[in-house]
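See below for the structure under consideration.
Heavy-atom basis, side chains included; hydrogens, waters and symmetry copies ignored. Quick caveat: nothing in here was measured; it's all calculated off a predicted structure. Each chain gets a letter, A, B and so on, in the order its sequence line appears, and its residues count up from 1.
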Protein chains: 4
Amino acid sequence: MRNPMTTLKSNTPKKRSPPGRIKIMKALTTLLKKKDFHSITTAGIAAQAGITEGLIYKYFTDKKGLLYEVLKEHFESFLKGIEQNIKAEDSSLARLSIIIETTIASYAGNRVFARILLLEVRNSPDYFNCAAYGLVKIYAATILEIILQGQALGEINTDVDPHVFRQVILGAMEHACLGEVLFGSRMNTKQVSEKICRILFKGVQSS
Amino acid sequence: MRNPMTTLKSNTPKKRSPPGRIKIMKALTTLLKKKDFHSITTAGIAAQAGITEGLIYKYFTDKKGLLYEVLKEHFESFLKGIEQNIKAEDSSLARLSIIIETTIASYAGNRVFARILLLEVRNSPDYFNCAAYGLVKIYAATILEIILQGQALGEINTDVDPHVFRQVILGAMEHACLGEVLFGSRMNTKQVSEKICRILFKGVQSS
Amino acid sequence: MRNPMTTLKSNTPKKRSPPGRIKIMKALTTLLKKKDFHSITTAGIAAQAGITEGLIYKYFTDKKGLLYEVLKEHFESFLKGIEQNIKAEDSSLARLSIIIETTIASYAGNRVFARILLLEVRNSPDYFNCAAYGLVKIYAATILEIILQGQALGEINTDVDPHVFRQVILGAMEHACLGEVLFGSRMNTKQVSEKICRILFKGVQSS
Amino acid sequence: MRNPMTTLKSNTPKKRSPPGRIKIMKALTTLLKKKDFHSITTAGIAAQAGITEGLIYKYFTDKKGLLYEVLKEHFESFLKGIEQNIKAEDSSLARLSIIIETTIASYAGNRVFARILLLEVRNSPDYFNCAAYGLVKIYAATILEIILQGQALGEINTDVDPHVFRQVILGAMEHACLGEVLFGSRMNTKQVSEKICRILFKGVQSS
DNA sequence: GATGAATGAGTTTTCATTCAT
DNA sequence: AATGAATGAAAACTCATTCAT
């Protein structure tokens, strides 16, 4: 069984970006810290970036295309972080723990990233065709992979539906972070992650 | 311990709405089945309702205000359904099962409602001040209440953090329904609910 | 030479107004203390009056018609005040003094009246056909009358153009009151009136 | 004692305006000759200017903002005219005569300008914060300055209140022009100015 | 690599006014 | 004498996007 994330490297050709392009992406990132995407205007982006509106369309197909590009960049470094962390572990539950903790920490440490992913992009149908969503699929596939491994190795109960389990994991993490994104409330990411794992792994029912 | 939902009744004095108002709300509900809120125009609403655009602003402060009002109505009947269903049960886990199943069935059977709640409104800050969100809070409070009761009665392990558990429940449900909302895929709600409960109650770790 | 204001009485049939009508006029008066006419809506008037928008059109042809009616009422009592005051005086300059003082005091003591007259109505061509403007003409005619009398009696220099003199008087008074209307600043009406008369009667040039 | 109008020059750096901006301002000026500001629509302005409505909002914050800008331009050239004319004179009464005559001639020769100033803008509170009103204040300050100089030099009686005198001047001029603005009646500006000066300088009282 | 000028379609919103009851 | 429901026409403003230079 191969880790879906090993495909990653080939996806990242990395030509040096022209300065204007970088400024624009940074500007959107900055603005997303304060406002939601919809109330950010191209004029606003241009002003923040110190360039003209026209230039945005030199580097990006679209306002949304720009968003996806920003998201992709964030997601790439996010995935890289996860990839490195789970290499060390060998039990599948330990790997899931790592993924959960890393994900929550990423969301918490990068509110823009979380906001885009959890609130902004899901509305638009074309998001699901963009490069960033491709990375999300890799991420999700990785989780499923680990679950299946866990069941194969007898670490995870086989009467658990792996897809539903994945959904529970994803949902739990997202919801845990929603408060941060929406209200700016702070949480102890390590603690919350552990509490989630406690519930998911051992269940809540007293024996 | 009182059920937070008992406050509900007093909130609903319901003066007879004028016909135009009703038409407008129905029109929006209808339109939301086809398009997302943002691409629905007041002109479209008026046309669908068979009234004039101006009338919308007689009865609602805003296009958004209208949305919140529609949402509130949906949520009210949704809450009422839950309230009745959980009355019959006495164990707290059984109650949670009921809530999970009813919620998922509601989301699935009422994609409009789900789409609004999961995707549309969270973006706007003023949603969190609207009446509909008030009901969401009641709903969330009810879940927390049940969890605490479960711990008090020894049905739920006391080393489980009740707030995190609630988040896991909410997240799991939402994520389970996201596929339906986003891609229109169908699921067996009863089965999915049971699988979720299986995971949350007993955990995934093989003993 | 007749005083043009003696025509006044016949203009005022004074049927007892129905309560709704009175409420509406009071409401507009109240609102004019805070906002300018243009930003006052019929909805706002109805709300303030505690009646429904429809009723306004039972008693007044128009939103503007209502304004003119309010103005007329104010103007009638204003004219009555002047009429009484000037009776006592016999020199024409004394009469002009009285008119100036009374007018300024009226403006100052009734900002709504001043606001309507100096700012609101002049914009609309149909104002010059309304009953209130008829009263304004009476008022202006009275001033001219007095000036002519003054010249006939040798009290006012005959090389003074009576029409221009009237304009100077009207303009001086209006401008003196504009500050009050626009900025809400207070002034000593008696003193200002005297200063104006001092200038108009004796001139500014040092001899 | 410095002339307040000398500040003027530094206020006018005048970067070359883009053609669209110029067209828009010209268009409004043209339209104001026929209609009052309130019944001029942005659509009308755009049509007249041969540009699109949107462009108006690129260059001006607002429809009102545009009006104030137009007003400012008119006022600037008006002030410049006065400035030059009064340089030649040395007696303060002569200077006031010049100002009165130039002002009345300006109003009469430029009904748009007069209409805006005397009728349109005074209603809106934000006018008093705009650049155009700043120029009005300079103009008013200039008049006061001259009066004070006149008193210092013994040309104007010191028992005349300078502020009230200024108000009388301003009011007299405005009222004299009101007829033109409101009814389109023509007057002999030179003659009227002289008559006003006659009254203000020598008084009306026969000696 | 970047600018500046301009577009144009669309959208919400505002309000005076009417009329049946 | 008054209400409540509804109208309709216009009007201001927004913004992503294009393109010549």
Is there a side-chain contact between [X] and the phosphate of [N], meaning an N or O under 4.0 Å from OP1 or OP2?
{"X": "Tyr57(C)", "N": "dC19(E)", "value": "no"}
{"X": "Thr42(D)", "N": "dA12(F)", "value": "yes"}
{"X": "Lys58(C)", "N": "dA2(F)", "value": "no"}

Report the nucleotide, chosen from dT7(F), dA5(E), dC13(F), that has the shortest atom-to-atom distance to any side-chain atom of Pro19(D). dA5(E)
Whom does dA1(F) pair with, Watson-Crick or G-U wobble, provided both distances fall under 3.5 Å? none
In whole Å, I'd like the distance from the CZ atom of Phe60(A) to the C1' atom of dG1(E). 14 Å
Closest-nucleotide mapping onto DNA chain F: is Pro18(C) or Lys64(D) further toward the 5' terminus? I mean the 5' end. Pro18(C)
Need to verify one output field. Residue with the more 5' nearest nucleotide on DNA chain F, Gly50(C) or Thr41(D)? Gly50(C)
Residue from Asp126(D), Asp62(D), Thr61(D) passing side-chain hydrogen bond (donor to acceptor under 3.5 Å, both in side chains) with Tyr68(D): Asp126(D)
Between His74(D), Arg115(D), Lys33(D), which is the residue that forms a side-chain hydrogen bond (donor to acceptor under 3.5 Å, both in side chains) with Asn110(D)? His74(D)
Select base, sugar-phosphate, or nothing to describe what Ile45(D) touches, counting heavy atoms under 4.0 Å on all strands. nothing
side-chain contact (heavy atoms from CB on, under 4.5 Å), paired with Met25(A), selected from Ile45(A), Thr30(A), Leu66(A), Leu67(A): Leu66(A)
Would you say the base of dC13(F) and the side-chain of Glu53(D) have a donor-acceptor pair closer than 3.5 Å? yes
Return the minimal non-hydrogen interatomic distance between Glu53(A) and Ala46(A), and the atom names on each side. N-CB, 3.6 Å
